[in-house]
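Just the heavy atoms: all of them, side chains too, but no hydrogens, waters or symmetry mates, feed the values below. Protein chains get the first letters and strands the later ones, always in sequence-line order, with residue 1 at the start of each.
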Protein chains: 2
Amino acid sequence: MSEAEGLRTESLAHRVPDLAALELLLAVARLGSLGAAAREVGITQPAASSRIRSMERQLGVALVDRSPRGSRLTDAGALVTDWARRVVEAAAAFDAGARALRDRRDSRLRVAASMTIAEYLLPGWLLALHAERPDTAVSLLAGNSAKVAELLLAGEADLGFVEGLTVPTGLDSTVIARDRLIVVTAPAHPWARRRRPLTAAELAATPLILRERGSGTRQVLDAALGGLARPLIELSSTTAVKASAVSGAGPSVLSELAVGEELGMRRLVSIPVEGVSLRRDLRAVWPTGHRPTGPARELLSLTRG
Amino acid sequence: MSEAEGLRTESLAHRVPDLAALELLLAVARLGSLGAAAREVGITQPAASSRIRSMERQLGVALVDRSPRGSRLTDAGALVTDWARRVVEAAAAFDAGARALRDRRDSRLRVAASMTIAEYLLPGWLLALHAERPDTAVSLLAGNSAKVAELLLAGEADLGFVEGLTVPTGLDSTVIARDRLIVVTAPAHPWARRRRPLTAAELAATPLILRERGSGTRQVLDAALGGLARPLIELSSTTAVKASAVSGAGPSVLSELAVGEELGMRRLVSIPVEGVSLRRDLRAVWPTGHRPTGPARELLSLTRG
DNA sequence: ATGAGGGCATAAGCTGGTCTTATGAGCGAG
DNA sequence: CTCGCTCATAAGACCAGCTTATGCCCTCAT
């Protein structure tokens, strides 16, 4: 309670309305009425009125034009609503993922996935599946390729997703997407100012921030360079690798799935490379002969395109 | 209070921990200790302990392994944390945008931007700027190209961003990115099953869901088709157009910036087109002769790559 | 013209969640 | 063996946000 606390940069949570308020705002935008929005989210009209008002106070911006025949977003409100939609979508993905982690047993569809896929792609697929088949309970187990294969072969999972180069024996597969590994550095790194692409030899000769051996990402890189990748540090999660690269510890090689956000915000920059193929296939896998049916087939069809 | 209410699908806000809890989880992941994380976010250790515990109850998943010498994430916890990070990042973008809307006057940098750029790109740039120059207050005014030009020429904005085909007279500009308009439909639309690309003539002959005339998107499309785009409906926001297209009302033409999420989740599919260039430049603009300096130059350098 | 109905705002009171302080217990290092 | 770090538990205070009960404004239809 000291005075000094007043000077701290208050956390996001104090500056950003909570999810209930953001959902309410989206409902107001869609329905054009505070009362109707209140009904939709299951609160009373005065509660909605007060919530929107306190959100406007918090943001310091008028969001809705109230009139005796409804409420419309102001220009600023429309913009805020669009940004709010992205927060709510991220929360929906979080929810879809968390449900799948919880619904361990007795699920109609048990999925095993590699970390990168579980992290970046699966929540979206689960949302899409939920939109089409709201009552399909899905459970998720995450692990490396070997673990995914083991679960499938033991009958403890119905459908798997892997990102390595090889398909584990005993499994059939189909390619559902392609991924590309890219070389990234912090913007301050000398490589960021190169005018010519990096050569494979240069890449192989430079110590890199890498995932541990055995990860799908590392496998692909080692294969592309002929088993030569030199680690500067080895870290056990993609997130740790990214954080290290952003902080300028050195160059790294990461899936473009993992670094989209960082590239967009220029926390990392992509370095062109020539003479080496860093593409890899993302595959759905299942025990040989047991073509996916039912919910598994449904999910699979959502992932292809 | 009827019993039936217990059966309603509870809203996201009831199933997703609030932002403060998610930030706390990220701090625990980074620091490896509940107490240290508590200090970082400015609460006491028991509060952090209880918050994490109730989050675990809410999600039905154990997130951290507690030990007398620290706390580490479980496997499921690591996954949840990665999903949480995306929610927090979306919230940070929301916050950056909202601050810019609020800080109207007396800002060191006044930005005017077209809707699409304000909606999809600017929050990320503002976050990056804030990371490098935490004390730069930025204000944002959104409008169409004409409005942006007007603000710049009246000296009410320091830097503008537009997405149209032409640069308004009296302004200098530089291309900061390229955008592409793509033809999209709901997955059920016949076009989604075509094997050959759409021709320009087919596109011009088909009524489309479009933004109103005068929007940057519409300008580009009209120019590419020779002024011929036929509207099925005209809507005044990108969001409304997307919603209409997702619902299957018909094909639409939208910026790839706007539909990334929808394509990823297969709520929309992209239809290849031949014989027509739907690329457009995104430009930073400023009054002729007044090259951006100071914060404006800083922001500009973040947007280029 | 006049009432019905939908829209929003305000006031008062309750409730529940979440924080704080205070304390205890496990483990490791000096 | 004790200090220092970890986390857990208990008790009480506090505050935010909800509901219920109103009232006013505007529009539309009778």
Side-chain angles (χ1 to χ4, degrees), chain A residues 1-6 8 10-25 27-59 62-74 77, chain B residues 1-6 8 10-25 27-59 62-74 77:
Chain A
M1 301 276 179
S2 75
E3 289 197 1
E5 290 210 339
R8 284 184 58 248
E10 295 227 323
S11 76
L12 268 186
H14 293 302
R15 292 189 312 247
V16 177
D18 64 33
L19 281 172
L22 298 181
E23 286 190 282
L24 176 62
L25 180 62
V28 170
R30 185 155 29 81
L31 300 171
S33 150
L34 292 188
R39 278 191 297 280
E40 178 168 285
V41 306
I43 60 178
T44 59
Q45 172 266 317
S49 183
S50 140
R51 218 171 216 309
I52 295 285
R53 187 170 294 282
S54 67
M55 182 155 48
E56 289 178 315
R57 245 202 333 268
Q58 181 180 26
L59 301 179
L63 300 175
V64 301
D65 272 335
R66 298 142 171 89
S67 88
R69 63 182 187 291
S71 294
R72 294 182 46 77
L73 295 179
T74 61
Chain B
M1 301 283 177
S2 75
E3 289 197 2
E5 290 211 337
R8 286 184 57 249
E10 295 226 323
S11 77
L12 267 187
H14 294 304
R15 291 187 315 245
V16 177
D18 63 34
L19 280 172
L22 298 181
E23 285 190 284
L24 176 63
L25 180 63
V28 171
R30 183 155 31 81
L31 300 171
S33 151
L34 293 186
R39 278 190 297 279
E40 179 168 284
V41 307
I43 61 178
T44 59
Q45 172 266 318
S49 184
S50 137
R51 218 170 215 309
I52 295 285
R53 188 170 293 284
S54 68
M55 183 157 40
E56 289 177 316
R57 241 199 341 262
Q58 181 180 24
L59 300 179
L63 299 175
V64 299
D65 272 334
R66 297 139 171 93
S67 90
R69 64 185 187 289
S71 295
R72 293 183 48 75
L73 294 178
T74 61

Can you tell me how far P of dC7(D) sits from CZ of R72(B), to the nearest Å?
13 Å
Quick check on dT20(C): is either OP1 or OP2 less than 4.0 Å from any side-chain nitrogen or oxygen of T44(B)?
yes
Might you point out which heavy atoms bring M55(B) and A21(B) nearest each other, and give the distance in Å?
CE-O, 3.6 Å
Going by heavy atoms in the side chains, are R66(A) and I52(A) under 4.5 Å from each other?
yes
Side chains of V28(A) and L34(A) in contact at under 4.5 Å (non-hydrogen atoms):
yes
Atom NE2 of H14(A) and atom C1' of dC19(C): how far apart are they, to the nearest Å?
11 Å
From CZ of R51(A) over to P of dA16(D), roughly how many Å is that when rounded to an integer?
13 Å
Gap between atoms CE and P, on M55(A) and dG17(D) respectively (whole Å):
11 Å
S54(B) versus Q58(B): any side-chain heavy-atom pair under 4.5 Å?
no
Collect all protein-nucleotide pairs involving nucleotides 5-10 of chain C in which both atoms are nitrogen or oxygen and the distance is under 3.5 Å.
residue, atom, partner, partner atom, Å
dG7(C), O4', P68(A), O, 3.2
dC8(C), OP1, L34(A), N, 2.9
dC8(C), OP1, S71(A), OG, 2.7
dC8(C), OP2, L34(A), N, 3.3
dC8(C), OP2, G35(A), N, 2.9
dA9(C), OP1, R53(A), NH2, 2.6
dA9(C), OP1, R66(A), NE, 2.6
dA9(C), OP2, S49(A), OG, 2.3
dA9(C), N7, Q45(A), NE2, 3.1
dA9(C), N6, Q45(A), OE1, 3.3

Within-4.5 Å side-chain heavy-atom neighbours: R51(B) and L25(B):
no
Can you check whether L59(B) reaches P17(B) side chain to side chain, under 4.5 Å on heavy atoms?
yes
Rounded distance (Å) that lies between atom P of dA16(D) and atom CD1 of I52(A)
18 Å
What is the separation between atom CD1 on I43(B) and atom P on dA8(D), rounded to the nearest whole Å?
13 Å
